[in-house]
Amino acid sequence: MATKTKNSEPDILVEDDRTGLETATLKRAFLDNLFYIQGKRLDNATRNDLYLAVAYTVRDRIMHRWLHSQKALNDHDSRVVGYLSAEFLMGPHLGNNLINLGLYETMEESLNDLNLNLTDLLDQEEEPGLGNGGLGRLAACFLDSLATLNLPAIGYGIRYEFGIFEQKIENGWQSEVTDKWLKFGNPWEIARNEACVEVKFGGQTENWWDENDQYRVEWNPDHVVLAIPYDTPILGYLTDNAAILRLWKAEATNTFDFQTFNRGDYFGAVDEKVKSENITKVLYPNDEQVSGRELRLIQQYFFVSATLQDCLRYHLEIRNNPVSNFHEKMTLQLNDTHPSVAVAELMRLLVDEHQVEWDDAWHITKNTFAYTNHTLLPEALERWPMPMFGKILPRHLEIILEINDRFLEQVKEHFHSDNGRVRRMSIIDESDQKYIRMAHLAIVGSYAVNGVAELHTHLLTQNVLHDFYEMWPKKFSNKTNGVAPRRWVVLSNRALTKLITSHIGDGWTKDLTYLKLLEDHVDKKPFQNAWSKAKMEAKEKLAKWVFDTQGIKLNTKSIFDIQVKRIHEYKRQHLNVLHIITLYNRLRDNPKLNMVPRTFIFGGKAAPGYFMAKLIIKLINSVAQVINNDPVARKKIKVVFIPDYNVKNSQQVYPAADVSEQISTAGKEASGTGNMKFTMNGALTIGTLDGANIEIREEVGEENFFLFGLTADEVEERKRGGYNPWNIYNQNHELKRCLDMLEMGYFSPWDEAKLFQPLIDNLKNHDDYMVLADYQSYIDCQDRISKAFKDQENWTRMSILNTTRSSKFSSDRTIMEYCEDIWKIEPIEVNVPDYDPKSNWH
Ligand code: 26Q
C-alpha cells in the first residue's frame, strides 16, 4: 500500500509485521513467516514448520530490542560483565521469550484463531542441552536476571554440536544416545563469521631480548583453529534490554592448515579439518568428576582464548580504550575452574601480544577476574598433568610457573617461610607427579572468590581453601545461588501464576519480595482452596504426561514425592529407595495398613562412566517394576523413573511436587538449585542441613520444613570416630530387612541375583555417604510427612508459606549481590523509540 506525499517520495506505509504486538498482527506475521521462511501454507506445514514460524515471529520482536541494547552499551562505555562458562543449560527459548515479551497469552490467542495450540508448538522445540546440571543451569538463570535487571552482560561459552546425551532406559538400565539438537536448525542464533578469531595450540616458544632490552617471547604453535561466534539474544523480562550469549564453534583455518602445512596433502588436510572441528563436537557428560582428557583441556582453552581476544578487541577497537584500563571496563566471572586458564591467557595476550610489562599485565589480570567455586568434593577439583599441559599450551605453562614463583614468594613472606603452606598453596601439586591446580590458579589470578551457599562458603574458608582465606580474607565472600522466577514459576506454573497475580498484582514477577503480600491470604479458606486446586491441576498435567509416555497411571490424591537431579552417591537417591522398600515391607506385613498413598518420582542422568550411579538407576527401575506390579502395594505406592530428565520436562515436574527430596549427605552439596525451584512452586522440603537447604529452612520457617539427618560437623565427627555401618545394619531391623532383600535378589528376579551386591557392599563396608547413619532419622521424618499430609488444610498453609517466603532464592537477588559486592556494574536504561516509519528507526 503506497500513497503519494507532497514531496513526491512515495510514502510506503510499512506495516508492523515484525514488531506489532496485537493478536491480529501476530497472526499475520506468523502466516507470513510460515510462507516466506518455511515455504509452507497452513495446509501442508509440519509441526516443526509451525514451531519455526512462531519462533521467527518472536525473534523479529526481539531483534530491534537487542540491537538497541548493544548500541546503548557502546554509547555508555560502562563496565561490562562477561560470564565465562563451559556450560549454559538454557532450556527451550520460545516459551521464555514469549513470557519476557509479555506476549504469551496474545500468541496463544492468535494461534487459537488458526486452530493451533501453543503448548503443542512449544513442545516441538529441541532444547539446547549445553550443560550437565546445576552449574550450567545457574549460568542460564544468571543471564535471565542480568538481562531483566538491565545490566550490561555477555555470556561466553562453547557451542557444542552435541549437548548432554539423551538418556534411554532399556531393561531398567541407562543408555546414552547422541543429542543432535541442531538437526532441525536453530532459529535463535546468528553466526557472526566476521568476528571470528584464531586460537593456537602446541608447538614451541622462542625468547629473545628486543631492541629496548625487553624480554620477549614468541609462541610458534603447530596447530591453529578458527573460532566462530554464534550469538543468541537473551531478552530480559518486560524490558527492552537483551543480553548476548556468545558461543564459540571450532572450524579449520584454510590459510594455516591447508596451505602452509599440507600443501598437496589432501588427506592430511582433511585430517586437520576433522581434528579442528572435533574441539566443539561434544559436551563432557561428567559432573562432579574430572575426566582428565586432553580434549577437555583443548575445549577449555579454545573458548577462553577466543573470548579474551574478543573482549580485548571490543575494548581496544570498538570502544577505543587504552589497554591499561581493561580491568576498569570489563570484569570476567569464572564459572568454576573450567575457564581458569583465562588467567594465563590474559597474561599472554597482554605481555606477548600487546607488549604490556609483566607487573602492569598482572595488575590488569588480577583485577579482571573473579572466581566462583561450586564444589566441595575432592574428586571434582580440576588439575592437569604438567607434561600434558605443557605439550598443548607451552607458553601458558611458562607463564603459570612465573606466576607461581612470584606468588610463592608472597606466601613465604606472609607466613614466615612456612614450608607446609608453600607446598599446600602452590599452583603446582608436586605430591607425586606434577599437576597444575586450576583452583589455585583461579584464586591467585582473581580479585574475588565466592562459594554458592552459606555453609559451602564456610566450609571452603575453613577447610579446602583455608590457607588462601588466611592470606586474603577480604577476597572471599558468599553468594547464595538463585533461580529465575520467570522460567521456574511464571512459565512453568501458569495456574499458580494467575492465582498469585489475581491476589497481589504482577509486581512479584519482577521483584519476588512482593510474594510476602500473599501472607494476608494464607488463612482464608477460598484462597487455600484455589491454591490446592492449582497444585492439583499441575499434578494432573504431570500424571497425564506420565501415562501418555509410560503407561503408568498415577493417583493424583497421593503425595507426589519427587527427587530430580543428577544421579550421584552423595545425593543419595538410594536412601530414598530404602524408604520406599521400607513402606513396601510394612504393606506386605499388613495389607490393610492405613497409609497415605505416595507416588515416588525420580529423574536424572548418570555420568556414562559412573558405574555405581548407573546401578542406582537400575535399582530404582527394578523396585518400580516389583512394586507397580504388586496388586496390593500398587494401590498405595507407585514408583516412576522419568527418562531423559532435562529442562523442558522439568518444567512440568516442579509445579506438581508435594514433597521435594533434598537428601544429600551434609557437607557435600555446594548449594542445590532444584531445591529452590520446588520451594517457589509450593512443595515442602524433606532435607538435610546441607547447601542452600539451610537457608531455605531459615526463610520458610522450621515448622514448614522437614529436617532430618546428621549435620556436616556430625558427619565429620562420626567419620573421625571410626564409623562402622555394620553396627547399624545389625541393629536396625527394618533397614536390615531392606538390604537383605536386595542382597537376595528380591528386586532383581529377572536379572542375576547378585545384581545389587556392589551397592550393598559399599553401604555395609564403607558407606562413605552415611546412608545407613541417616536411615532411621529419614524414615521418622517421612512418617511425619505422611501424618502432616492428612491435615490438608494445614499442608496447604505450609505450601503457601513456602512460596511466599521463597523470594531470597530469586537469581535477581543473587545477581544484585554480585553487582554490588564483586562486579561493581550498574544498570543501563534501554529504550526502544516508538515506531516511526519515517525515521531510520532500525
Ligand atoms: C570438569 C572437568 C572435566 C569434565 C567435566 C567437568 C565438570 C563439569 C560439570 C565438573 C563439574 C560440573 C558441574 C558441577 C555442578 O553442576 N555443580 C553444582 O553447581 C550448582 C550451582 O552452583 C550447585 O547448586 C550444586 O550444589 C553443585 O553440585
Side-chain angles (χ1 to χ4, degrees), residues 83 85-89 129-142 157-158 160 163-165 282-301 303 333-341 371-385 388 435-439 442 450-457 459-460 478-484 564-572 604-605 607-610 662-678 687-688 690-696 809 811 814 818:
Y83 197 82
S85 178
E87 307 190 0
F88 284 91
L89 189 46
L130 308 186
N132 272 286
L135 167 148
R137 183 55 228 177
L138 186 75
C141 286
F142 279 4
I158 301 174
Y160 300 104
I164 186 71
F165 61 84
V282 59
L283 166 79
Y284 275 88
N286 6 1
D287 68 330
E288 314 286 353
Q289 174 95 20
V290 295
S291 66
R293 299 282 176 93
E294 204 172 286
L295 181 61
R296 170 76 182 184
L297 177 62
I298 293 173
Q299 284 186 337
Q300 293 181 349
Y301 178 65
F303 100 87
Q333 190 68 30
L334 305 174
N335 199 19
D336 215 295
T337 53
H338 314 156
S340 61
V341 66
Y371 155 60
T372 306
N373 173 290
H374 295 266
T375 190
L376 287 158
L377 303 185
E379 65 268 32
L381 290 176
E382 274 194 299
R383 36 174 225 172
W384 294 105
M388 181 208 280
Y435 289 96
I436 302 179
R437 295 163 162 158
M438 300 312 273
N450 74 282
V452 291
E454 272 166 23
L455 175 69
H456 172 233
T457 305
L459 293 172
L460 281 180
N478 175 248
K479 297 286 166 285
T480 298
N481 284 165
V483 301
V564 284
K565 49 182 80 235
R566 287 299 287 251
I567 313 290
H568 203 294
E569 287 163 280
Y570 86 78
K571 296 179 188 279
R572 301 199 295 192
K605 294 175 184 176
Y610 185 177
Q662 307 300 335
I663 60 178
S664 53
T665 316
K668 298 289 179 193
E669 188 72 272
S671 162
T673 43
N675 47 3
M676 301 169 182
K677 296 164 197 167
F678 279 115
T688 48
D690 198 18
N693 296 352
I694 299 176
E695 292 156 74
I696 291 177
F809 307 103
S811 47
T814 313
Y818 274 93

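Whatever order the structure lists them in is the order used to number ligands and atoms, beginning at 1.
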Heavy-atom closest pair, residues [X] and [Y]:
X      : Y      : value
Phe303 : Ala86  : CZ-N, 3.7 Å
Asn478 : Gly451 : ND2-O, 3.6 Å
Ala442 : Tyr371 : CB-CG, 3.7 Å

If you define the side chain from C-beta out and look only at heavy atoms, does anything of [X] sit under 4.5 Å from [Y]?
X      : Y      : result
Gln662 : Thr688 : no
Arg572 : Thr665 : yes
Gln333 : Ser85  : no

Close N/O pairs between ligand 1 and protein, under 3.5 Å:
| unit_1 | atom_1 | unit_2 | atom_2 | d |
| --- | --- | --- | --- | --- |
| ligand 1 | 16 (O) | Leu135 | N | 2.9 |
| ligand 1 | 17 (N) | Glu288 | OE2 | 3.2 |
| ligand 1 | 22 (O) | His374 | ND1 | 2.6 |
| ligand 1 | 22 (O) | Asn481 | OD1 | 2.8 |
| ligand 1 | 24 (O) | Gly672 | N | 2.8 |
| ligand 1 | 26 (O) | Glu669 | OE1 | 2.7 |
| ligand 1 | 26 (O) | Ala670 | N | 3.3 |
| ligand 1 | 26 (O) | Ser671 | N | 3.0 |
| ligand 1 | 26 (O) | Gly672 | N | 3.1 |
| ligand 1 | 28 (O) | Glu288 | OE2 | 2.4 |
| ligand 1 | 28 (O) | Tyr570 | OH | 3.3 |
| ligand 1 | 28 (O) | Glu669 | OE1 | 3.1 |

